[in-house]
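Read the structure below first, then the notes.
The structure presented is a predicted model; accordingly, all values stated were derived computationally and were not measured.
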Amino acid sequence: MPAHLPGNLSRSERFEGWVSDSAERLHYFWGEPIEAAQFVVEDIPPNLEVLVARGEPAPLGSFTPAGPRRPAVVTVYRRPVETAAQSKEELPELVHDVVVEQTAHLLGMAPEAVDPGYGRTRS
C-alpha cells in the first residue's frame, strides 16, 4: 500500500501487530495463565554489543517472570527476528514461534505443548 494512504503500516507497526496477534491467539487457548502477562517489542536486546563481542548470537526474545506488583513480560526483539527470517513470508511465523517460546517459559511447558504448530517454518 502506498505510504501516503491511511492503511499503510510501517515495518515496526506490522511487526508489533504480529506479536499482538500471536499473544491474542495464545490467550484464546490458554486464557488465565497468560492473562496478566505483557507482550512487548523492543528493537534490539540489551547488551547486544557484549554478545556480539563474545561471538554469541543475538536472542530473538526474552521472558521476565512476574514479581511483586509487576506482571510477567514476554519481549520480542524486532531486528534480530527480522535478520533471522529466511524470507518476508516467513517473518510472521517466526514472530509467532518466538512468542510461543517465551510463553512456554511463562507456563513452564515445552513450546510444542503451548502451540502444536510451533517450529513448522524452521528446519
Side-chain angles (χ1 to χ4, degrees):
M1 184 173 290
H4 67 282
L5 294 178
N8 183 49
L9 298 176
S10 69
R11 284 186 0 206
S12 178
E13 291 169 328
R14 241 185 334 272
F15 193 95
E16 289 174 6
W18 293 328
V19 170
S20 179
D21 290 348
S22 291
E24 287 177 25
R25 179 172 156 186
L26 294 177
H27 185 266
Y28 175 78
F29 289 111
W30 291 100
E32 190 175 326
I34 65 169
E35 192 169 293
Q38 291 181 342
F39 292 81
V40 299
V41 174
E42 291 185 15
D43 281 337
I44 59 171
N47 302 317
L48 181 60
E49 299 83 13
V50 174
L51 294 172
V52 170
R54 288 190 215 153
E56 296 178 26
L60 304 181
S62 67
F63 166 67
T64 305
R69 293 181 289 251
R70 94 179 139 71
V73 179
V74 169
T75 305
V76 181
Y77 300 116
R78 184 174 69 89
R79 297 301 305 229
V81 171
E82 288 174 338
T83 301
Q86 299 295 319
S87 67
K88 288 181 182 181
E89 293 76 25
E90 180 190 284
L91 190 53
E93 283 298 321
L94 182 55
V95 168
H96 182 69
D97 282 354
V98 174
V99 172
V100 169
E101 288 169 2
Q102 301 311 316
T103 303
H105 291 296
L106 169 69
L107 297 173
M109 303 171 73
E112 297 82 5
V114 173
D115 184 341
Y118 166 78
R120 66 178 168 230
T121 61
R122 295 191 255 180
S123 47

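Residues L51 and P59 form a side-chain contact, since some pair of their non-hydrogen atoms from C-beta on lies under 4.5 Å apart. Side-chain contact between F63 and V74: present, with at least one pair of heavy atoms (C-beta onward) separated by less than 4.5 Å. Side-chain contact between T64 and R70: present, with at least one pair of heavy atoms (C-beta onward) separated by less than 4.5 Å. In this structure the side chain of P92 never reaches within 4.5 angstrom of the side chain of H96, judged on heavy atoms. Taking 4.5 Å as the limit, some side-chain heavy atom of T103 sits within range of a side-chain heavy atom of F39. Put simply, the side chain of D21 does not reach to within 4.5 Å of the side chain of R25, judged on heavy atoms. In this structure, S62 and P45 have side chains that are not in contact, with every pair of non-hydrogen atoms separated by 4.5 Å or more. Y77 has its side chain out of reach of I44: every pair of non-hydrogen atoms, C-beta onward, lies at least 4.5 Å apart.
Interatomic distance, CD of E82 versus CG of D43, reported as 8.0 Å (0.5 Å rounding). With rounding to the nearest 0.5 Å, the separation of OG in S22 from CD in E93 is 8.0 Å. For the atom pair CG of L91 and CZ of R11, the computed distance is 9.5 Å after rounding to the nearest 0.5 Å. Annotation: the span from L107 atom CG to Q102 atom CD amounts to 11.5 Å, rounded to 0.5 Å.
Under the 3.5 Å distance criterion, the side-chain polar atoms of E13 are matched with a main-chain donor or acceptor of S10.
Residue V19 forms a side-chain contact (heavy atoms from CB on, under 4.5 Å) with just one option from V98, T75, V76, V40, and that option is V76.
Nearest heavy-atom pair across L48 and A58 is CD1-CB, 3.6 Å. Heavy-atom minimum distance, A72 versus L106: CB-CD1, 3.7 Å. Closest heavy-atom contact between E90 and Q86: OE2-N, 3.1 Å. Residue D97 comes nearest to G117 through the heavy atom pair OD1-O, 4.5 Å, listed as atom of the first residue, atom of the second, then distance.
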query = What's the verdict on side chain to side chain contact (heavy atoms under 4.5 Å, CB included) for V81 and F15, showing C-alpha distance, side-chain angles and the deciding distance?
reply = CA-CA 10 Å; V81 171; F15 193 95; 3.9 Å; yes

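Following chains of ILVMFWY side-chain contacts shorter than 4.5 Å, one can reach F29 starting from W18, so the two form part of one hydrophobic cluster. Under the 4.5 Å side-chain heavy-atom criterion for ILVMFWY residues, no single connected hydrophobic cluster contains both V52 and V50. Both W30 and Y118 are assigned to one and the same hydrophobic cluster, defined by single-linkage of ILVMFWY side chains at heavy-atom distances under 4.5 Å. Note: the hydrophobic cluster containing V100 also contains I34 (ILVMFWY, side chain heavy atoms under 4.5 Å, direct or indirect links).
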